[in-house]
There are 2 protein chains.
Amino acid sequence: MGVTIRDVAEKAGVSVSTVSKVMNHWKTISEETTKRVEAAAAELKYTPNARAVNFARGNTRNIIYLTELKKGEAYSNPHMFDIMCGVFTELARNGYTMSLMDISDEAHPKETIRDIIDQKSADGIVIHGSVINQATADLIIDRSFPHLVIGHPDFDNRLCWVDTNHELAGEHAGEYILKHNAFPTVFIGGRKNEFISHEREKGFRSFLLRHKHRVTSDHVVYTSSTWKEGYEAAMKILSYDSSDASAAGGNQIPGSIVCENNTIAVGVSRAIKELGLSVPEDVAFLTFDVYPYSTILDPKPEVVEINVYDMGVQAGAMICRKIDNPGLMIQSYITLPEME
Amino acid sequence: MGVTIRDVAEKAGVSVSTVSKVMNHWKTISEETTKRVEAAAAELKYTPNARAVNFARGNTRNIIYLTELKKGEAYSNPHMFDIMCGVFTELARNGYTMSLMDISDEAHPKETIRDIIDQKSADGIVIHGSVINQATADLIIDRSFPHLVIGHPDFDNRLCWVDTNHELAGEHAGEYILKHNAFPTVFIGGRKNEFISHEREKGFRSFLLRHKHRVTSDHVVYTSSTWKEGYEAAMKILSYDSSDASAAGGNQIPGSIVCENNTIAVGVSRAIKELGLSVPEDVAFLTFDVYPYSTILDPKPEVVEINVYDMGVQAGAMICRKIDNPGLMIQSYITLPEME
DNA sequence: CTGAAAGCGCTTACAG
DNA sequence: CTGAAAGCGCTTACAG
């Protein structure tokens with residue numbers, strides 16, 4: 001049914017190898033035969049069978065993207081899918097296909113990856129840091145299989161990874177506050193020991209400290225990242241009775257509130273609205289990430305946005321380089337912040 | 001480097017074909033040889049090369065999922081990715097891999113699909129209805145390539161597709177209003193000619209009509225689906241001055257507001273809050289889809305939820321059946337609504 | 001019950 | 001500049 005290289009060879013009156021060479025643009029073929037073969041191929045509407053080509057060449061031209069693909073993941077973790085789109089686009093540009101594979105604790109990450117390597121079903125893998133463990137890392141390193149981890153693992157490792165620099169994002173937030181002289185400033189974070197929140201807080205505070213503004217601990221609030229807690233924190237912060245001010249050690253309504261994430265910002269926005277304050281005149285209002293909620297808030301926060309799609313593109317480019325150059329070692333922070 | 005079927009054959013002292021038969025559980029092999037071969041395979045940690053197996057069998061055991069994979073798509077269209085996860089899971093369960101491919105007007109849908117068919121890089125495709133056109137449909141039908149379209153195309157076709165039944169979802173909304181006797185009811189939709197909005201409105205109104213409640217046109221509002229327009233519409237609806245009531249032909253504050261989508265619901269929620277009304281006592285409040293916004297609203301709407309992940313699972317099952325049984329024709333609405 | 005052989009559709013040294 | 005032949009790692013009639 002399908003037209004193969006054989007059919008083209010017959011029609012053009014040449015050998016199969018010659019057709020192959022024409023299809024691959026070898027320059028040793030005479031112009032005349034090239035034309036004859038191309039004409040035959042065109043007439044038969046011949047397209048090389050991609051799987052056969054890769055099989056003969058001993059590669060797959062396929063990269064597997066490993067991540068959690070559970071029900072609801074698209075809503076709880078949309079950034080991951082944006083990264084995935086970035087990776088995909090870059091891989092396609094480099095002539096690779098991309099397959100998906102589910103990986104989570106239940107899916108036995110180590111066995112999944114061992115199978116990929118043994119069955120040679122891909123030339124490389126892109127995998128999310130959140131689903132990788134020490135045993136899996138050891139396996140990848142041991143087999144020296146081309147890989148790239150998105151989001152650096154929380155243990156010592158020799159894996160190749162890329163990540164966003166949340167501390168730097170925190171510094172950008174500090175920069176905004178400084179530029180608008182919106183002091184004193186209050187940082188409302190997630191839980192104290194949460195990685196991303198901690199990094200953002202650290203960058204924020206250290207940037208301001210370098211510029212002679214100390215953000216004291218009583219100007220940092222930890223929450224469990226619900227909008228309610230954000231709302232309550234903001235109500236408390238923004239409602240200092242001016243008569244109390246001197247009494248409570250110089251407490252005053254802050255010039256700005258920085259929310260570590262979108263959900264907290266929902267509550268803070270609601271509090272600002274309820275108190276009839278205007279942004280940024282009465283209080284500047286800042287958060288991280290445009291999505292999922294910042295666009296529908298009123299008042300609307302300023303946003304420190306990280307272009308994660310582009311991080312995906314970078315990751316895609318890196319895995320391609322890794323495949324061509326297995327010795328390559330990459331561990332880097334890629335941050336493309338944009339003030340929106 | 002890799003251990004092949006040959007190595008196992010040598011070690012076990014049998015032929016390559018025998019090893020193949022053992023790996024594929026032919027029952028013609030004696031128990032004794034089976035054991036010997038299995039031992040050899042285990043010792044060498046042999047795993048068949050998946051690409052070679054498929055190549056020899058003449059299939060790929062791969063399905064390509066075609067959709068838009070642009071930057072930001074994960075935020076603007078999270079439901080699509082939830083469907084994708086459902087499709088993936090079901091395909092994996094059936095022993096298929098799933099590759100992604102970008103398809104959009106710029107990506108030349110027809111050429112992309114022609115290449116897939118010609119290069120035999122997949123046994124079938126799952127494709128989003130929004131990116132399919134007549135020419136592409138003709139090609140697929142003409143080649144009778146196994147396919148499944150998610151979301152039915154807006155032109156006459158003989159494609160296989162599945163879709164959610166938005167009209168039925170509208171009926172569910174009507175049912176809720178009827179059950180809570182929350183009349184009069186106002187439906188705030190998107191633009192009048194928008195497909196989904198129109199279907200939901202139709203189901204809603206016809207269900208209620210069947211139960212002796214006519215939703216007149218002045219109780220239906222069309223918007224361009226911004227939260228602002230939702231807010232303004234709700235403010236107007238909910239602020240009828242009681243003294244005006246008789247004047248304006250019996251206008252009265254409605255017992256319920258049904259929002260056709262989440263964005264409209266954001267504005268309506270805000271209006272209800274601002275007017276100090278309580279839900280559902282003063283006014284019942286309903287929308288469609290839990291995501292992206294309903295969970296963070298205050299007041300929070302009731303939701304008619306459609307399980308699109310499960311629709312993806314169904315679609316995955318159907319494409320597998322299509323491949324085994326090419327004559328199969330499927331055009332159906334799959335709706336698994338859940339009142340949350 | 002087992003194996004030799006042809007074949008899946010290409011690529012690529014190698015010889016001419 | 002072109003082609004015969006071996007090979008990629010399996011499967012599957014077919015023969016014994």
Side-chain angles (χ1 to χ4, degrees), chain A residues 1-38 40-41 44-62 95 97 115-123, chain B residues 1-38 40-41 44-62 95 97 115-123:
Chain A
M1 27 145 276
V3 15
T4 74
I5 197 171
R6 249 196 143 85
D7 303 319
V8 180
E10 268 171 35
K11 174 140 221 148
V14 295
S15 75
V16 163
S17 14
T18 300
V19 176
S20 174
K21 283 161 191 158
V22 171
M23 298 313 291
N24 293 294
H25 306 105
W26 287 34
K27 53 267 155 141
T28 65
I29 306 294
S30 76
E31 201 172 322
E32 198 243 309
T33 6
T34 301
K35 276 199 178 128
R36 236 182 31 257
V37 171
E38 277 170 351
L44 295 171
K45 293 187 201 297
Y46 169 68
T47 320
N49 176 319
R51 316 296 269 217
V53 172
N54 291 331
F55 181 55
R57 290 211 177 110
N59 61 24
T60 66
R61 279 273 139 186
N62 180 236
T97 57
D115 284 349
I116 292 172
I117 300 177
D118 288 342
Q119 300 176 3
K120 299 181 188 46
S121 39
D123 296 342
Chain B
M1 29 145 273
V3 14
T4 73
I5 197 171
R6 249 196 144 84
D7 303 317
V8 180
E10 268 171 36
K11 174 140 220 147
V14 295
S15 74
V16 162
S17 15
T18 302
V19 176
S20 174
K21 283 161 191 157
V22 171
M23 300 312 291
N24 294 295
H25 306 106
W26 288 33
K27 52 273 161 135
T28 65
I29 306 294
S30 76
E31 202 174 320
E32 197 242 311
T33 4
T34 302
K35 275 196 179 133
R36 233 177 40 252
V37 170
E38 277 171 351
L44 295 170
K45 292 185 201 297
Y46 169 69
T47 320
N49 176 320
R51 317 297 268 219
V53 171
N54 291 330
F55 180 55
R57 290 210 178 110
N59 61 24
T60 65
R61 277 274 139 185
N62 181 234
T97 58
D115 284 349
I116 292 172
I117 300 177
D118 288 342
Q119 299 174 4
K120 298 179 188 48
S121 39
D123 296 341

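Within every chain, numbering begins at 1; the chains are lettered A, B, ... in the order of the sequence lines, protein sequences first and strands thereafter.
Put simply, CD1 on A:I5 is 12 Å from P on D:dG3, counting in whole angstrom units. When the P atom of D:dT2 is taken as reference, atom CH2 of A:W26 falls 13 Å away, rounded to whole Å. Protein atom NZ of B:K35 is 16 Å distant from nucleotide atom C1' of C:dC1, rounded to whole Å. C:dC10 atom P lies 17 Å from atom CG of B:N54, rounded to whole Å. In this structure, CG of B:D118 is placed 14 Å from P of C:dG9, rounded to the nearest angstrom. Look at CG on B:L44: it is 15 Å from C1' on D:dG9, rounded to the nearest Å. Between B:I29 atom CD1 and D:dT11 atom P the separation is 12 Å, expressed in whole Å. Going from atom CZ of B:R51 over to atom C1' of D:dG7 covers 19 Å, rounded to whole Å.
As judged by a 4.0 angstrom heavy-atom cut-off over every strand, B:V14 is placed among residues touching the sugar-phosphate backbone only. The residue B:S30 sits close only to the backbone: its heavy atoms come under 4.0 Å of sugar-phosphate atoms, none of a base.
Close to D:dG3, at under 4.0 Å from its OP1 or OP2, lies a side-chain N or O of A:T18. Using a 4.0 Å cut-off, no side-chain N or O of B:S15 falls inside it from OP1 or OP2 of C:dA4. Look at A:Y46 and you won't find any side-chain N or O under 4.0 angstrom from OP1 or OP2 of C:dG9. Dashed line: the shortest gap from a side-chain N or O of B:T28 to OP1 or OP2 of C:dC1 is not under 4.0 Å. Between B:N24 and the phosphate of D:dT11, there is a side-chain N or O to OP1/OP2 separation shorter than 4.0 Å.
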Discussion item. Run A:V8 and A:V37 through side chain to side chain contact (heavy atoms under 4.5 Å, CB included) and show every step you take.
Written reply: CA-CA 7 Å; A:V8 180; A:V37 171; 4.3 Å; yes
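Between B:A122 and B:I116 the shortest heavy-atom distance is CB-CG2, 4.2 Å. Nearest heavy atom pair, residue B:V3 against residue B:L44, reads CG1-O, 3.5 Å. The two residues B:G2 and A:K120 make their nearest non-hydrogen contact at CA-NZ, 3.9 Å.
With a cut-off of 3.5 Å on both pairing distances, the Watson-Crick or G-U wobble partner of D:dC1 is C:dG16.
Separation of atoms CZ (B:R51) and CG (A:N59) is listed at 9.0 Å; rounding is to 0.5 Å.
In terms of polar N and O atoms assigned as donor or acceptor, the side chain of B:K21 comes within less than 3.5 Å of the base of C:dG3 in a complementary pairing.
Projected onto DNA chain C by closest heavy-atom contact, B:T34 and A:V19 fall at different nucleotides, the more 5' of which corresponds to B:T34. Nearer the 5' end of DNA chain D, as judged by each residue's closest nucleotide, is the contact made by A:E32, out of A:V16 and A:E32.
The A:T4 side chain lies nearest to C:dG9 when the options are D:dT11, C:dG9, C:dT12. Here the side chain of B:S17 is nearest to one of D:dC10, C:dA5, C:dT11, namely C:dA5. Considering only side-chain atoms of B:F55, the nucleotide from D:dT12, C:dG7, C:dG9 that sits closest is C:dG9. The listed nucleotides are C:dT11, D:dC8, D:dC1; the one nearest the side chain of A:T33 is D:dC1.
Looking only at side-chain heavy atoms (C-beta outward), A:V53 and A:R57 come within less than 4.5 Å of each other.
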